[in-house]
Amino acid sequence: MALGLFLVLAAFSVATPIQESRAFQPKSGPSAASTISSQPTSQTQLDFSSRQQGHDVSINCTLRDASTTGLSLVIGMAVSRITDTGELVLASVTSLGSAPITHTGAVTSSVSLDGRQDSYINIEWSSANSSLEGDYVCRVNGLDVNNSPVVLSQELSLTLQEPGPGVRATPEILQLGLTKLLSIKCYISGFASNNISEVTSIGLSYIHDGIDQLLITHSVFEGTEIKPGSGVVSSTGHLSTAEDEENFLEATWQNPSLNRTGKYECSFSGLDTSGHPVYFESTLELNHVEPSKEELLQQLEDLRNKFESLTQEKEDLRAERDKIELKIRVLEESVKGHKICDTVDLPVGKYPIKLFPDDGQGLVEVLCDVVSPGDVWTIFQKRFNGSESFSRGFVAYDVGFGSVLGEHWLGFKQMKRIMTTGKYQIRVDIADHNSTSYTRIYPQFSVGAFDGYTLTVDGYNDGGHGLSFSSGAEFSTLDHGPQPHCAAQDNGGWWYYNCAFTNLNGQWGHAGESGISWFELPDGRIHPLTKTEMKFKKSSQP
Ligand SMILES: *[C@@H]1O[C@H](CO)[C@@H](O)[C@H](O)[C@H]1NC(C)=O
Ligand SMILES: *[C@@H]1O[C@H](CO)[C@@H](O)[C@H](O)[C@H]1NC(C)=O
Ligand SMILES: *[C@@H]1O[C@H](CO)[C@@H](O)[C@H](O)[C@H]1NC(C)=O
Ligand SMILES: *[C@@H]1O[C@H](CO)[C@@H](O)[C@H](O)[C@H]1NC(C)=O
Ligand SMILES: *[C@@H]1O[C@H](CO)[C@@H](O)[C@H](O)[C@H]1NC(C)=O
Ligand SMILES: *[C@@H]1O[C@H](CO)[C@@H](O)[C@H](O)[C@H]1NC(C)=O
């Protein structure tokens, strides 16, 4: 029903005379925020007015306390432009909740149902020009106390001021502590209608206690000049005789404090169309508001977030630097020419290192395990995800397979090149099916000569259900050694002695003896191990 009423309303329009545009008055320039009054056509409670500040123009239609006008219910409100062909609705709002519509500008509006609060439509245009000039109508429809439809209307004839001379502050009101940049701009344009042919200089002053402090000037001869003590951090100015260009001088301050509020004055000097000098001014009162607690909290929050992201960035950079530093140290260790991992000086971790045995037959790449500083082992067997097959022949176990960064067997040839003089110990690090880790260290460890590679381990009591069972056995594979049938049955190469209680080269993922097993562990023969590492280092006792 409300929308239907609007359509009926749109049919009638009332013409009103348009205001003459105002001629410029030297010495008493219009203030920056002068109000153009509406021309009421009927006596209603509707207040329809316009406002102009620089290039920003707004029109506002307000219904005050509708109950005193005999309205029991406000149904809707609309603002339209009156054109030659009829009325164009620019914005409407109804109590039924329909969204405001607009063809130009921004709209803010509110309707109060019982009419006890103000209802209004406000339309704002920035960088307005003369195309907005013309007639507008505001209508309200509702019901009276007898529930009969009532229509109130008010017209407005909009005439824009010539732009300038004027002065504008951005923001218009200083928010102490929150406003980061304050700019004040003196501007003038539209020479012809102001009877001006040229502006030769513009000055901006701050007036405090009756004292006039010149802050900055801009002239055709000297350009921009910022006066000492003005606090201005940047400024721009432009003077031109072209009719359609704005002449201006703009100054900017950073983090303005309370002492920036007060009265500012722009003074313009120039020549009128007859070549006589003219002078005019425009003033502005800059006020401030204290920021609300919510705004301060928001600012605090923003700063905290910024601080946190910077801290994070710093930590990321530090981590990246540490990573690169470590890479450099690892490379340095490789070029030092270690003969065994034992002497490598690196923080706890596992590193691929190039060893240079004395035999002159070139380098051996191994994975060194720094268990703690000074406690460094040379890994010769490593499994963790089943990507490498360990079901291989003798040659493979002799020369090695896999890569030090993945699963691998270093190879007897390499082990023998590294384990030359002295005595060695062996360390076995294994993890069971639910990732519980176990470490076994046998203080005596040796591997015999090619091609038996007989194992000797001693010094740790595994009850005969660990590696000690294999001590004294030769290495067998499917195709080599004394017990190839064990290698076939247990799927790997190992020191079998009528098979074994340990089988770290067994089949990945298989349960029982043929899988990766270590019978000494609680579930070592039921579930296959999920991680194995065999490593050696020199004995502490010679
Ligand atoms: C429109 O004018 C009314 C009355 O002066 C005022 O309460 C309201 O805030 C104005 N709306 C806007 C957006 O300025
Ligand atoms: C006035 O402003 C409107 C809308 O921004 C634009 O389309 C039009 O070209 C402008 N007219 C003049 C004379 O600048
Ligand atoms: C412009 O101002 C001069 C005096 O300053 C006056 O003689 C002249 O008539 C004015 N011109 C117009 C068009 O108002
Ligand atoms: C305004 O106050 C700030 C700090 O509060 C000070 O640095 C500056 O010199 C003052 N400016 C003037 C013009 O008093
Ligand atoms: C095993 O680990 C290696 C090295 O991290 C990786 O390249 C490979 O894709 C993994 N394979 C499987 C089967 O997870
Ligand atoms: C490890 O596995 C065994 C079964 O073999 C189970 O009893 C035990 O609870 C598991 N432990 C954990 C920590 O999952």
Side-chain angles (χ1 to χ4, degrees), residues 316 319-334 338 340-341 344 346-355 363-372 375-393 395-415 418 426-440 477-478 487-494 502-518 521 523-537:
D316 291 351
E320 184 63 21
R321 197 203 65 171
D322 289 353
K323 239 158 106 184
I324 291 172
E325 192 188 2
L326 185 58
K327 262 187 192 159
I328 291 172
R329 285 190 62 187
V330 170
L331 284 175
E332 279 172 355
E333 288 300 320
S334 271
H338 292 284
I340 188 166
C341 289
V344 162
L346 284 171
V348 171
K350 291 171 190 152
Y351 310 94
I353 298 284
K354 293 170 177 62
L355 301 179
L363 60 87
V364 179
E365 178 149 43
V366 299
L367 193 63
C368 295
D369 182 3
V370 182
V371 174
S372 64
D375 183 16
V376 193
W377 300 76
T378 305
I379 294 176
F380 68 91
Q381 193 262 21
K382 181 173 167 74
R383 303 180 77 176
F384 55 92
N385 70 2
S387 54
E388 199 70 49
S389 167
F390 278 65
S391 192
R392 296 181 185 245
V395 173
Y397 277 97
D398 201 23
V399 302
F401 52 86
S403 105
V404 291
L405 292 176
E407 295 195 325
H408 67 281
W409 174 266
L410 183 60
F412 286 117
K413 274 195 158 44
Q414 280 68 246
M415 289 168 72
I418 299 166
I426 183 171
R427 175 182 171 121
V428 180
D429 288 302
I430 46 190
D432 69 10
H433 64 289
N434 52 21
S435 295
T436 307
S437 298
Y438 300 89
T439 295
R440 294 290 176 263
T477 56
L478 288 161
Q489 180 191 314
D490 287 2
N491 296 311
W494 200 246
T502 56
N503 192 31
L504 300 192
N505 291 341
Q507 187 161 355
W508 182 264
H510 266 216
E513 191 181 320
S514 68
I516 309 177
S517 51
W518 192 280
L521 301 187
D523 285 323
R525 74 176 77 194
I526 303 167
H527 299 289
L529 301 177
T530 54
K531 191 191 123 183
T532 70
E533 279 175 14
M534 303 176 76
K535 48 199 93 166
F536 59 82
K537 73 168 188 177

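Atoms within each ligand, like the ligands themselves, are counted from 1 in listed order.
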NZ of K350 to CG of L405, rounded to nearest 0.5 Å, is 12.5 Å
Q.
Is atom 9 (O) of ligand 5 touching the protein, meaning some protein heavy atom lies under 4.0 Å away?
A. no
Residues passing the side-chain hydrogen bond (donor to acceptor under 3.5 Å, both in side chains) test with K535, sequence neighbours excluded, are D369, D429, E533
Next item on the list: Indicate the ring-plane relationship of Y397 and W409, choosing parallel, tilted or perpendicular according to the 30° and 60° boundaries.
Entry: perpendicular
If you scan protein heavy atoms around atom 6 (C) of ligand 5, the nearest is N385 ND2, 4.2 Å
TODO: Show the numbers, then the answer: is there a ring pair (Phe, Tyr, Trp, His ring centres under 6.0 Å) between F380 and F412?
DONE: CA-CA 9 Å; F380 68 91; F412 286 117; 8.0 Å; no
### K354 and E365 ion-paired at < 4.0 Å
yes
for atom 4 (C) of ligand 5, nearest protein heavy atom and its distance come out as F384 CZ, 3.9 Å
message: Is atom 14 (O) of ligand 5 near the protein, in the sense that some protein heavy atom lies at less than 4.0 Å from it?
response: yes
Under 4.0 Å from one or more heavy atoms of S387, ligand 5 contributes atoms 1 (C), 11 (N)
